[in-house]
Amino acid sequence: MNDLDNIRDGTPKREAWGYAYSASSQLDALVSQSLYKDSLVACRFAADKLKQELGALIAPPFEGTVDPFGAWNLAEASKEFKTIFLAELATLPAFFVTSKRPLEREALLQAGETLMPEDLITKVPEAIHDAREAAICLAFDRCTASAFHLFRALEAVVRAYHRTVGLGAAPPKQRNLGVYIRALRNCGANPKAIAALEQLKDLHRNPIAHPEALITLEEALGIYGVVRSAVAAMLADIPGLPQNTRILPISAHETTLDAI
């Protein structure tokens, strides 16, 4: 919008065309196509008025210069839009997401799977969706929801781990963490993985099994650390996917373990 200040009385129309076209495109994207379009109400009439003035500069002929009347109309329309637009921005709801130390805000919001061991993506891709959701929930202080998704991600890895160390053994009929721990111990699973899983079972409330549980921020961060340790121990024994395997976007999840 500020580039429109370069359009004055006597500005060559070909020069004015570039400023006007760029401003018109950006203005249309803002009020008609962006995620803010439904929230921008007060400035919409002023935006339409400004687009009308810009349209007059974009349309041929392109010879000659901008006349005094056209330059004044554009300046007034631009000033009116900016004034109302900035005033409306001041009233829109805004949210500031803080980091949850030691977890960084950008990772929580945009790449939750990177907070887990790196090989989670290639070894247990079905856990990616819940790893991302757990991070986003934690970013917005939805700690119980974060723990819910963390346990779902953990359980996806537990199932994959049992398929690996179980050497073809059928999965437990009861889909709960305690039963899986006993089955994994009988299969000679990694003691570190068993210890981390038992710590989760004994010391942390699984919101999947206990819907009345309300998880605090400190509890959620603690669960994050223990889940990551358990996942790392299990992933160490899970083979990676064959080369050239294409990982599809994760949008669904199989049923989770239903109780501790």
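On a predicted model such as this, the values are computed, not experimentally measured, just so you know. Hydrogens, waters and symmetry mates play no part in the numbers below; they use all other heavy atoms, side chains included.
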When you group the ILVMFWY residues by side-chain heavy-atom contacts below 4.5 Å and let the links chain together, are F69 and L54 in the same group? no
Could you go through I238 and V124, starting from their C-alpha distance and side-chain angles, then the distance that decides it, and tell me whether this counts as side-chain contact (heavy atoms from CB on, under 4.5 Å)? CA-CA 9 Å; I238 297 176; V124 193; 4.2 Å; yes
Heavy atoms only: give me the nearest P172-A183 pair and the separation to one decimal. CG-CB, 3.9 Å
Would a single hydrophobic cluster contain both L221 and V227, if residues Ile, Leu, Val, Met, Phe, Trp and Tyr are joined by side-chain heavy-atom contacts under 4.5 Å? yes
Distance (rounded to the nearest 0.5 Å) between L184 CG and N190 CG: 10.5 Å
Would you check if the side chain of S24 reaches a backbone N or O of A20 as a donor-acceptor pair within less than 3.5 Å? no
Please check if the side chain of T144 supplies one atom and the backbone of I215 the other of a donor-acceptor pair under 3.5 Å. yes
So, for L27 and A47, which heavy atoms are closest and what is the spacing to 0.1 Å? CD2-O, 3.6 Å
Using the side-chain contact (heavy atoms from CB on, under 4.5 Å) rule, take L115 and L108 through it: C-alpha gap first, then chi angles, then the decisive distance, then the call. CA-CA 8 Å; L115 300 175; L108 289 171; 3.6 Å; yes
Determine yes or no for a side-chain-to-main-chain donor-acceptor pair under 3.5 angstrom, with K13 supplying the side chain and G64 the backbone. no
Tell me whether I136 is reachable from L154 by hopping between hydrophobic residues (I, L, V, M, F, W, Y) whose side-chain heavy atoms are closer than 4.5 Å. no
Under 4.5 Å between any side-chain heavy atoms of D9 and V66, yes or no? no
What are the two closest non-hydrogen atoms of H149 and C137, and how far apart are they? CD2-SG, 4.1 Å
Within the supplied structure, the quantity of interest is the number of heavy atoms (other residues, nucleotides, ligands) at a distance under 6.0 Å from E15 CD; does it exceed 12? yes
d(L4 CG, Y19 OH) to nearest 0.5 Å is 10.0 Å
Please check if I223 and L103 belong to a single hydrophobic cluster, counting links between Ile, Leu, Val, Met, Phe, Trp and Tyr side chain heavy atoms closer than 4.5 Å. yes
Just wondering, do P125 and I121 contact through their side chains at under 4.5 Å, heavy atoms? no
Is the shortest heavy-atom distance from the side chain of P117 to the side chain of R228 under 4.5 Å? yes
Which atom of R152 lies closest to which atom of D130, heavy atoms considered: NE-OD1, 2.9 Å
Any K123 side-chain heavy atom under 4.5 Å of P239 side chain: no
Check whether any side-chain N or O of T91 sits under 3.5 Å from a backbone N or O of E88 as a donor-acceptor pair, and report yes or no. yes
Are any side-chain N or O atoms of R105 and backbone N or O atoms of V97, one a donor and one an acceptor, separated by less than 3.5 Å? yes
Could you check whether any side-chain heavy atom of T164 comes within less than 4.5 Å of a side-chain heavy atom of M234, counting everything from C-beta outward? no
Begin with the C-alpha distance, continue with both residues' side-chain angles, and end with the deciding distance and a verdict on side-chain contact (heavy atoms from CB on, under 4.5 Å) for I181 and R185. CA-CA 6 Å; I181 289 174; R185 185 181 286 109; 4.0 Å; yes
State plainly whether the residues R142 and E133 are in salt-bridge range, i.e. N to O under 4.0 Å. no
Hey, quick one: are I194 and Y161 part of the same hydrophobic cluster, counting side-chain heavy atoms closer than 4.5 Å, chains of contacts allowed? yes
For a quick test of reading the model, state the closest non-hydrogen atom pair linking I128 to E113 and the distance between them. CG2-CB, 4.2 Å
M1 vs L50, test: side-chain contact (heavy atoms from CB on, under 4.5 Å). Steps then yes/no. CA-CA 10 Å; M1 292 298 103; L50 177 56; 3.8 Å; yes
With a sphere of 6.0 Å drawn around CZ of F62, does it hold more than 12 non-hydrogen atoms of other residues, nucleotides or ligands? yes
Are L197 and V226 packed together at the side-chain level, in the sense that at least one heavy-atom pair is separated by less than 4.5 angstrom? no
Flag the pair E126 and R163 as a salt bridge only when some basic side-chain nitrogen lies within less than 4.0 angstrom of an acidic carboxylate oxygen. yes
How long is the straight-line distance from CD1 of I58 back to OG of S22, given to the nearest 0.5 Å? 9.5 Å
Applying side-chain hydrogen bond (donor to acceptor under 3.5 Å, both in side chains) as the test, list every pair that has at least one member in residues 64-85; sequence neighbours left out. N2-K82, K49-E80
Identify all side-chain donor-acceptor contacts of residues 29-45 below 3.5 Å with residues at least two apart in sequence or on another chain.
| unit_1 | atom_1 | unit_2 | atom_2 | d |
| --- | --- | --- | --- | --- |
| S32 | OG | D28 | OD1 | 3.4 |
| Q33 | NE2 | D28 | OD2 | 2.9 |
| S34 | OG | L30 | O | 2.6 |
| S34 | OG | Y36 | N | 3.2 |
| R44 | NE | L40 | O | 3.3 |
| R44 | NH1 | V31 | O | 2.9 |
| R44 | NH2 | V31 | O | 3.3 |
| R44 | NH2 | K37 | O | 2.5 |
| R44 | NH2 | L40 | O | 2.9 |

Side chains of L109 and F140: does their closest heavy-atom pair fall under 4.5 Å? yes
OH on Y224 to OG on S229, rounded to 0.5 Å: 13.5 Å
For V157 and A127, work out which heavy atoms get closest and say how close. CG2-CB, 4.3 Å
To the nearest 0.5 Å, what is the distance between CD on E198 and CZ on R182? 10.0 Å
